[in-house]
Amino acid sequence: MAAGSDPASLHWGLGDLNTFKHSGDLGDIVFSLPAVRALGGGVLYLDPEGGKDEPLVHFGYTDRTRLDRAGIDSLRTLLVQQPYVAEVRLWTGQAVTYNLDLFRRHLTFNNLSDSHLAAFKLDARERDARWLQVSGTDPRLAGRVAISRSLKVHGNHTFWEFEVRKIRERCVFLGTRREHEFFEEALGYTVDYAHTPTIADLAVAIASAESFIGNQSLAHAIAEGLKKDLIQEVYRVGPAAVFRRQGARYV
């Protein structure tokens with residue numbers, strides 16, 4: 001598929017579906033979607049064992065990712081809203097057309113979408129076109145700045161302490177309650193919180209916001225997929241989600 005092709009033009013027929021498998025963390029899966037779309041879309045299998053039986057996942061200090069059944073169930077609703085994802089199923093050893101875990105052999109970029117695209121010799125420009133769409137809006141985020149900071153992968157405390165503080169009254173924190181509590185305790189100021197029960201709800205909230213500020217995380221992956229104006233706190237030890245485009249700033 002040509003870069004930037006309209007995914008709505010895909011139509012499923014019996015017997016013509018590609019199959020894909022991924023064992024990575026939730027953000028990795030979201031960053032894989034430009035490759036899934038470019039390869040024609042199809043059925044996406046996700047491994048509830050987090051790659052325990054996938055040699056490509058066995059590296060360094062770990063033999064599996066954090067992907068599990070609960071995460072898959074939460075992500076499924078967002079995934080099947082995408083016209084290039086026909087269905088999401090649990091992977092239990094099925095043969096597939098494309099093993100998306102091959103991206104781990106191409107971690108020479110600071111961009112996980114590029115790694116997935118390179119694994120299948122696809123045009124890197126595929127990640128320049130918006131690859132996520134959502135249904136509905138969240139009025140709590142209208143005219144507000146969505147902010148999110150997970151509990152790890154930090155790189156610029158000073159930015160949050162001084163710059164975000166200046167606009168805190170415009171901000172709404174998205175994420176878990178624990179992340180929100182930790183954020184306020186670590187930064188020393190309060191910020192409104194919006195609970196999002198599922199990942200699909202999180203995506204709607206991000207889409208409804210004026211802009212997004214966050215660290216390298218699932219929330220950022222969604223914001224990038226939606227091509228929101230955003231600021232990302234870069235993880236300097238291992239930056240993996242740098243998209244050099246208009247509207248994206250890195251601190």
Side-chain angles (χ1 to χ4, degrees), residues 1 3 5 7 10-109 111-124 126-127 129 131-133 198-200 202-203 216-218 220-222 224-225 238 240-241:
M1 184 180 297
S5 296
L10 297 177
H11 299 284
W12 305 122
L14 295 177
D16 65 353
L17 294 182
N18 292 321
T19 53
F20 302 82
K21 187 265 285 186
H22 212 307
S23 305
D25 292 328
L26 298 175
D28 297 346
I29 295 167
V30 173
F31 282 130
S32 79
L33 295 178
V36 172
R37 180 179 62 185
L39 290 165
V43 176
L44 178 56
Y45 284 91
L46 300 179
D47 181 3
E49 297 297 323
K52 187 173 65 175
D53 297 322
E54 171 55 77
L56 290 165
V57 173
H58 303 168
F59 61 94
Y61 58 88
T62 184
D63 61 358
R64 64 159 296 162
T65 69
R66 291 169 292 172
L67 186 65
D68 58 17
R69 176 66 181 268
I72 293 169
D73 289 344
S74 186
L75 184 60
R76 177 182 278 107
T77 302
L78 175 62
L79 292 175
V80 297
Q81 290 181 50
Q82 312 316 313
Y84 50 86
V85 178
E87 190 177 348
V88 174
R89 300 174 184 169
L90 297 179
W91 186 77
T92 56
Q94 299 91 334
V96 296
T97 316
Y98 300 104
N99 182 0
L100 296 169
D101 290 316
L102 287 168
F103 86 93
R104 298 184 185 279
R105 292 181 178 171
H106 299 268
L107 297 177
T108 56
F109 308 93
N111 183 310
L112 288 177
S113 287
D114 284 4
S115 296
H116 285 88
L117 291 163
F120 303 100
K121 297 181 172 59
L122 298 168
D123 190 337
E126 287 287 346
R127 44 87 164 119
W131 70 79
L132 287 180
Q133 58 186 38
T198 71
I199 294 171
L202 173 63
Q216 184 176 295
S217 62
L218 170 63
H220 168 261
I222 292 170
E224 183 59 45

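Note: hydrogens, waters and symmetry copies are ignored here, and every other heavy atom, side chains too, is used. Quantities reported herein were computed from a predicted structural model and do not represent experimental measurements.
Annotation for L78 and A203: closest pair CD1-CB, 3.8 Å, computed over non-hydrogen atoms. Closest approach of Q216 to A241, counting heavy atoms only: OE1-N, 3.8 Å. Nearest heavy-atom pair, R37 versus A129, reported as atom, atom and distance to 0.1 Å: NH2-O, 3.4 Å. Nearest heavy-atom pair across H116 and H22 is NE2-NE2, 2.9 Å. Residues V96 and T19 share a closest heavy-atom pair of CA-OG1, 3.2 Å. Considering all non-hydrogen atoms of both residues, P34 and S113 come closest at CG-OG, 4.0 Å.
A distance of 13.0 Å separates NZ in K21 from OG1 in T97, rounded to the nearest 0.5 Å. Put simply, CZ on F109 and CZ on R127 are 9.0 Å apart, with the number rounded to the nearest 0.5 Å. Remark: I29 CD1 to F20 CZ distance equals 13.5 Å, nearest 0.5 Å. Here CG of L33 is found 12.5 Å from CD of E224. Values are rounded to the nearest 0.5 Å. Note that CG of D47 and OH of Y45 are 13.0 Å apart. Values are rounded to the nearest 0.5 Å. Considering OG of S32 and CG of D101, their distance stands at 9.5 Å, rounded to 0.5 Å.
Two residues are said to be in side-chain contact when any heavy atoms from C-beta on lie closer than 4.5 Å; V88 and L75 fail this criterion. In this structure, the side chains of F120 and L100 come closer than 4.5 Å at one or more pairs of heavy atoms. At least one side-chain heavy atom of F31 sits under 4.5 Å from a side-chain heavy atom of W131.
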**Message:** Could you go through I199 and L79, starting from their C-alpha distance and side-chain angles, then the distance that decides it, and tell me whether this counts as side-chain contact (heavy atoms from CB on, under 4.5 Å)?
**Reply:** CA-CA 10 Å; I199 294 171; L79 292 175; over 6 Å; no
**Request:** Mind running side-chain contact (heavy atoms from CB on, under 4.5 Å) on V80 and E87 for me, showing each step along the way?
**Result:** CA-CA 6 Å; V80 297; E87 190 177 348; 5.7 Å; no
**Request:** Decide yes or no on side-chain contact (heavy atoms from CB on, under 4.5 Å) for R104 and D28, but give the supporting numbers first.
**Result:** CA-CA 10 Å; R104 298 184 185 279; D28 297 346; 3.9 Å; yes
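With hydrogens and angles disregarded, no donor-acceptor distance shorter than 3.5 Å links the side chain of N18 to the backbone of G40. Looking only at distances, a side-chain donor or acceptor of Q82 sits under 3.5 Å from a matching main-chain atom of Q133. No donor-acceptor pair under 3.5 Å is formed between the side chain of S115 and the backbone N or O of F103. Checked by atom type and distance alone, the side chain of D123 never pairs as donor or acceptor with a backbone atom of E126 at under 3.5 Å.
S74 pairs with exactly one of L26, T198, L202 by the side-chain contact (heavy atoms from CB on, under 4.5 Å) rule, that one being T198.
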